[in-house]
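Predicted, not measured: the structure shown is a model, and the values here were computed from it.
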Amino acid sequence: MLIVDFRNFKIYKMESKKEIEVTSAKENTEIVEAIKSMRKEKNAVILAHYYQEGNIQDIADCVGDSLALAQWAAKTDADIIVLCGVHFMGETAKILSPGKKVLVPDLEAGCSLADSCPAEEFEKFVIAHPDHKVISYVNTTAAVKALTDVVVTSTNAKQIVESFPKDEKIIFGPDRNLGNYINSITGRNMLLWDGACHVHEQFSLEKILELKKNYPDALVLAHPECKQVILTLADHIGSTAALLKFTTQSNTSRFIVATESGILHEMKKLSPEKEFIPAPPNDSTCACNECTFMRLNTMEKLYNCLKYEQPEILVEESIREKAVKPILEMLKISERLGL
Ligand code: 13P
Ligand code: SF4
């Protein structure tokens with residue numbers, strides 16, 4: 001029996017003045033059991049991104065990167081998809097599976113990168129370049145995807161850009177760092193939207209170099225959303241899934257990881273004998289290598305979300321009809337490439 005109703009949790013805390021540590025082992029076990037039984041009862045599937053807190057990753061049916069989350073959401077036969085990630089991930093799931101109920105633990109879990117590309121502004125940019133194809137990173141709103149020819153994630157961006165003829169004029173948005181990186185490895189000259197992620201822009205070159213001095217054997221792993229100066233010194237660049245795979249296959253036993261630190265949970269799980277050092281941000285007083293949006297999701301909110309079947313992601317049908325095409329195009333190309 002679960003003794004804490006998290007919808008009333010704050011009230012209970014105020015009335016009783018009793019501290020409830022919801023992450024204590026006992027209550028955590030109770031929450032885990034309650035979530036598992038609701039999931040079964042409601043035929044729900046829990047999909048989690050690698051940037052979620054460890055407890056959420058551990059209870060999820062599938063843990064993956066943005067591409068994997070979209071692939072699972074498109075294929076699942078569950079009645080309810082609980083997307084433990086950020087808003088655009090839930091939106092992508094709803095666009096692909098409109099007949100299913102898509103829930104997110106916290107509707108406020110947005111994305112600074114998606115926010116850096118408002119649809120009205122992006123539309124003006126697209127209209128100003130009518131001879132360009134439009135490639136959008138999955139970290140965008142449904143309204144931006146509706147203006148797009150093909151969506152990409154960090155796992156498939158290179159291959160999808162390369163699937164266009166060499167002389168094709170392309171707009172790439174919204175991440176300038178990923179766009180610059182793809183331009184540099186494909187020899188393209190895509191027109192870039194000037195957006196960025198607040199987590200990946202924060203990594204400190206000086207502090208990574210300092211770590212390298214202390215641990216000369218460590219390899220630096222970086223997500224392509226990092227600034228060019230970080231990518232230049234990285235030993236391996238890739239999506240969260242690609243970085244994870246690299247750590248399992250490499251003979252090296254120490255890594256400095258320049259992406260959101262939630263990925264360390266799965267890295268340690270798959271390679272417990274190896275050491276993973278989160279790359280430090282510029283401001284050492286903040287936990288800036290944690291995505292504030294991703295970390296809004298908690299076990300308590302996941303419990304509530306399954307129990308009350310809210311908050312629910314809804315996408316206006318006129319937008320969904322347009323946004324689904326570039327996402328399906330991405331899934332089709334990815335399947336062809338075996339990604
Ligand atoms: P992935 O494509 O590696 O999942 O990246 C998602 C993301 O939000 C990175 O910040
Ligand atoms: Fe968005 Fe950055 Fe958070 Fe990824 S880490 S969800 S890009 S804000």
> Is it true that atom CD of E321 has more than 12 heavy atoms of other residues, nucleotides or ligands lying nearer than 6.0 Å?
Replying inline: yes
>> Under a plain distance cut-off of 3.5 Å, with no hydrogens placed, do Q310 and N304 share a side-chain donor-acceptor pair?
In response: no
> Between K36 and I59, is a side-chain contact (heavy atoms from CB on, under 4.5 Å) present by the stated rule, with each step listed?
Replying inline: CA-CA 8 Å; K36 281 182 181 165; I59 201 172; 4.3 Å; yes
> Stepwise, does the side-chain contact (heavy atoms from CB on, under 4.5 Å) test hold for M38 with Y303?
Replying inline: CA-CA 9 Å; M38 282 192 286; Y303 168 83; 3.5 Å; yes
> Has the side chain of K322 got a donor or acceptor atom that lies under 3.5 Å from a matching backbone atom of L147?
Replying inline: no
> Are M330 and L339 joined in one hydrophobic group, where the rule is that I, L, V, M, F, W and Y side chains link up if heavy atoms are under 4.5 Å apart?
Replying inline: yes
>> Is it the case that the side chains of N297 and Q52 hold a donor-acceptor pair, with the cut-off being a distance below 3.5 Å and no angle test?
In response: yes
> Hey, what do you get for CG (N214) to CZ (R254), rounding to the nearest 0.5 Å?
Replying inline: 9.5 Å
> Do S253 and K274 have side-chain N/O donor and acceptor atoms under 3.5 Å apart?
Replying inline: no
> Is there a donor-acceptor contact under 3.5 Å from the side chain of S271 to the main chain of E273?
Replying inline: no
>> Please evaluate residues K227 and E201 with respect to the criterion side-chain contact (heavy atoms from CB on, under 4.5 Å), reporting the C-alpha separation (whole Å), side-chain torsions for both, the decisive distance (0.1 Å), and the verdict.
In response: CA-CA 6 Å; K227 286 198 272 198; E201 285 256 300; 3.5 Å; yes
>> Classify the ring geometry of F276 against F255: parallel below 30°, tilted from 30° to 60°, perpendicular beyond 60°.
In response: parallel
> S66: what forms a side chain to side chain donor-acceptor pair (under 3.5 Å) with it, not counting sequence neighbours?
Replying inline: none
>> Under a plain distance cut-off of 3.5 Å, with no hydrogens placed, do S112 and H198 share a side-chain donor-acceptor pair?
In response: yes
>> Does anything in residues 124-150 form a ring pair (Phe, Tyr, Trp, His ring centres under 6.0 Å)? List the pairs, not counting sequence neighbours.
In response: F125-H129, F125-W193, H129-H132
> If you count the non-hydrogen atoms of other residues, nucleotides and ligands that lie under 6.0 Å from NZ in K42, is the total more than 12?
Replying inline: yes
>> Using only atom types and a distance under 3.5 Å, with no angle test, would you say the side chain of S204 pairs donor to acceptor with the backbone of K207?
In response: yes
> Salt-bridged, D194 to R176, with N to O below 4.0 Å?
Replying inline: yes
Give the table of side-chain donor-acceptor pairs shorter than 3.5 Å for residues 117-124, with sequence neighbours excluded, one pair per line with atom names and distance.
from, atom 1, to, atom 2, distance (Å)
E121, OE2, K124, NZ, 3.4

> Does the side-chain hydrogen bond (donor to acceptor under 3.5 Å, both in side chains) test come out yes or no for E206 and N282, once each step is laid out?
Replying inline: CA-CA 9 Å; E206 291 71 26; N282 281 309; over 6 Å; no
>> Could you see if V138 belongs to whatever hydrophobic cluster contains M190? Use Ile, Leu, Val, Met, Phe, Trp, Tyr and a side-chain cutoff under 4.5 Å.
In response: yes
> Considering residues at least two apart in sequence or located in another chain, which fulfil the side chain to side chain donor-acceptor pair (under 3.5 Å) criterion with T240?
Replying inline: none
> According to a 4.5 Å side-chain heavy-atom criterion applied to Ile, Leu, Val, Met, Phe, Trp and Tyr, with indirect links allowed, do M267 and L211 form part of one hydrophobic cluster?
Replying inline: no
>> Around atom CD of E335, are there more than 12 heavy atoms from other residues, nucleotides or ligands closer than 6.0 Å?
In response: no
> Are L67 and V324 linked, directly or through other ILVMFWY residues, by side chains that come within less than 4.5 angstrom of each other?
Replying inline: yes
>> Please evaluate residues E329 and V151 with respect to the criterion side-chain contact (heavy atoms from CB on, under 4.5 Å), reporting the C-alpha separation (whole Å), side-chain torsions for both, the decisive distance (0.1 Å), and the verdict.
In response: CA-CA 7 Å; E329 184 63 14; V151 167; over 6 Å; no
>> Ring-plane angle category for Y51 and H200, please: parallel below 30°, perpendicular beyond 60°, tilted otherwise.
In response: tilted
> Who passes side-chain contact (heavy atoms from CB on, under 4.5 Å) against E266, sequence neighbours left out?
Replying inline: Y50, Q57, L244, K269, L270
>> Does D131 have more than 12 heavy atoms from other residues, nucleotides or ligands lying within 6.0 Å of its CG?
In response: yes
> So does R320 pair up with E317, basic N to acidic O under 4.0 Å?
Replying inline: yes
Got a list of side-chain donor-acceptor pairs under 3.5 Å for residues 88-110, not counting sequence neighbours?
from, atom 1, to, atom 2, distance (Å)
E91, OE1, A142, N, 2.8
T92, OG1, F88, O, 2.7
K94, NZ, P98, O, 3.1
K94, NZ, K100, O, 2.7
S97, OG, A73, O, 2.7
K100, NZ, T76, O, 3.4
K100, NZ, A78, O, 3.0
K101, NZ, E309, OE1, 2.8
D106, OD1, E108, N, 2.7
D106, OD2, K301, NZ, 2.7

>> Strictly distance-based, threshold 3.5 Å: is any side-chain N or O of D61 a donor or acceptor partner for the main-chain N or O of I46?
In response: yes
> Is the backbone of A279 close enough, under 3.5 Å, to the side chain of N289 for a donor and an acceptor to pair up by distance?
Replying inline: yes
